[in-house]
Amino acid sequence: MQSEIYCALDTSDIGQAENLAGQLSGQVDGLKIGMEYFYAHGANGYRKLANAQMPIFLDLKLHDIPNTVAQAVHALAQLEPRLLNVHGGGGAAMMRAAADAAAQASDSGLAPPTMLAVTVLTSLAEGDLHAMGIKGTPREQVLRLAALARANGMQGVVCSAHEIEALRTEMGDDFKLIVPGIRLAGSDAHDQKRVMTPEQAQSAGADILVIGRAITEADNMAAAAQAIKAGLAAQDGD
């Protein structure tokens, strides 16, 4: 199975984001919009990028009491993002409230978002977890949160590529695995600690690869995206 590519538009500049979205239309499978852009421009800014007619992963990592998160999901579902996420660390009741709120979108004739739980951020390593009082390895924590997420209505998780194989074994093929922290061979990991190349992540079983700088900082973004896709297609055909 060839992994999809969602390009991360990690900017708060609305003009730059619109330009990126326009250039990437038809070149990638979707866009990822994060906190920096959405907090700066809100729903109107989101709609400007939605004009590119590509699926959108609205990466806001909601984390609050169950009722507050449910109300946030209800409001965000009006925008019809393809993917929306909450923090798995918010607990069972919060994730269930979010899943129920998303499902209610269909009552209004909207396409409900696929709900995801963030497990362990790709910027965190084992020592970081221990400093927060979380015992064990990132892999163990990811598996714990993924099981809790699935039991409470989440349809997939955001995880690092290093946990894909274990999650596939435990969660099966229908559970969506969205993977940031993707870096091209030989490139800088920046602030990420648990990274893999696109081909490695696809081989492990990722559904969606979230890729930012490798595309958005390229001299020719379309060519960069096409090259990554070609590499994935070649591997998928082996």
Side-chain angles (χ1 to χ4, degrees), residues 2-62 72 75-85 111 113-114 116 118 121-123 156 158-161 176-192 194-202 206-233:
Q2 186 169 335
S3 302
E4 292 185 281
I5 296 173
Y6 275 49
C7 185
L9 304 185
D10 294 326
T11 178
S12 59
D13 185 304
I14 194 167
Q16 181 184 14
E18 284 190 275
N19 180 55
L20 291 172
Q23 291 191 57
L24 291 168
S25 181
Q27 307 300 326
V28 295
D29 301 295
L31 304 174
K32 194 273 286 187
I33 299 173
M35 297 177 187
E36 59 269 65
Y37 181 84
F38 195 81
Y39 290 170
H41 305 293
N44 288 335
Y46 176 97
R47 293 187 182 98
K48 286 182 179 293
L49 299 187
N51 288 335
Q53 299 297 309
M54 284 190 285
I56 292 177
F57 170 20
L58 189 52
D59 179 25
L60 299 183
K61 301 180 180 72
L62 303 174
L76 294 168
Q78 309 305 306
L79 299 173
E80 294 191 282
R82 172 71 62 82
L83 307 165
L84 180 63
N85 61 0
T114 295
L116 310 169
V118 177
L121 298 174
T122 53
S123 59
V158 180
C159 63
S160 94
K176 298 295 183 185
L177 302 182
I178 286 69
V179 184
I182 300 298
R183 294 289 182 268
L184 303 187
S187 65
D188 193 330
H190 297 288
D191 53 356
Q192 309 284 5
R194 295 168 14 255
V195 302
M196 277 191 183
T197 67
E199 292 80 8
Q200 288 171 329
Q202 175 176 266
D207 291 295
I208 294 175
L209 309 178
V210 178
I211 304 176
R213 296 178 180 97
I215 295 174
T216 60
E217 294 184 358
D219 292 334
N220 185 323
M221 290 192 295
Q226 290 166 8
I228 295 170
K229 277 194 162 187
L232 295 176

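Heavy atoms only: backbone and side chains are in, while hydrogens, waters and symmetry mates are out. The shown structure was predicted, so the numbers you read here are calculated from the model rather than taken from an experiment.
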I would like to know whether Phe57 and Thr114 meet side-chain contact (heavy atoms from CB on, under 4.5 Å); could you show each step before the answer? CA-CA 9 Å; Phe57 170 20; Thr114 295; over 6 Å; no
If you define the side chain from C-beta out and look only at heavy atoms, does anything of [X] sit under 4.5 Å from [Y]?
| X | Y | answer |
| --- | --- | --- |
| Ile228 | Leu209 | no |
| Pro113 | Leu58 | no |
| Val179 | Cys159 | yes |

Exactly one of Leu79, Leu76, Leu116, Ile56 clears side chain to side chain contact (heavy atoms under 4.5 Å, CB included) with Leu84, and that residue is Leu76
So which heavy atom on [X] is nearest to which on [Y], and how close?
| X | Y | answer |
| --- | --- | --- |
| Ala21 | Leu31 | CB-CD1, 3.8 Å |
| Ile5 | Val28 | O-CB, 3.7 Å |
| Gly15 | Asp13 | N-OD1, 2.9 Å |
| Thr216 | Ala8 | CG2-O, 3.8 Å |
| Arg183 | Pro198 | O-CD, 3.7 Å |
| Ala17 | Leu9 | O-CD1, 4.0 Å |

Drop me the distance from [X]'s [atom1] to [Y]'s [atom2], to the nearest 0.5 angstrom.
| X | Y | atom1 | atom2 | value |
| --- | --- | --- | --- | --- |
| Met35 | Ser12 | CE | OG | 14.0 Å |
| Lys176 | Leu83 | NZ | CG | 9.0 Å |
| Ile182 | Ile208 | CD1 | CD1 | 12.0 Å |
| Met54 | Ser25 | CE | OG | 5.0 Å |
| Ile178 | Glu4 | CD1 | CD | 9.0 Å |
| Leu184 | Thr197 | CG | OG1 | 8.5 Å |

Taking Asp207 for the side chain and Leu177 for the main chain, is one N or O donor matched with an acceptor at less than 3.5 Å? yes
Listed by chain and number, what are the side-chain hydrogen bond (donor to acceptor under 3.5 Å, both in side chains) partners of [X], not counting sequence neighbours?
| X | answer |
| --- | --- |
| Asn19 | Gln23 |
| Gln16 | Thr11 |
| Glu80 | none |

Contact list for residues 32-49, test salt bridge (charged side-chain N to carboxylate O under 4.0 Å, His left out), sequence neighbours left out: Asp10-Lys32, Lys32-Asp59
Per-pair distances, 0.1 Å, donor-acceptor, side chain in residues 218-227, under 3.5 Å, sequence neighbours excluded:
unit_1	atom_1	unit_2	atom_2	d
Asn220	OD1	Ala222	N	3.2
Asn220	OD1	Ala223	N	2.9
Gln226	NE2	Gln27	OE1	2.7

Salt bridge (Lys or Arg N to Asp or Glu O under 4.0 Å) involving Lys229 - partner list, sequence neighbours excluded: Asp29
Partners passing ring pair (Phe, Tyr, Trp, His ring centres under 6.0 Å) against Tyr37 (at least two apart in sequence or in another chain): His41
Looking at residues at least two apart in the chain, or sitting in another chain, which of them share a side-chain contact (heavy atoms from CB on, under 4.5 Å) with Ala72? Leu62
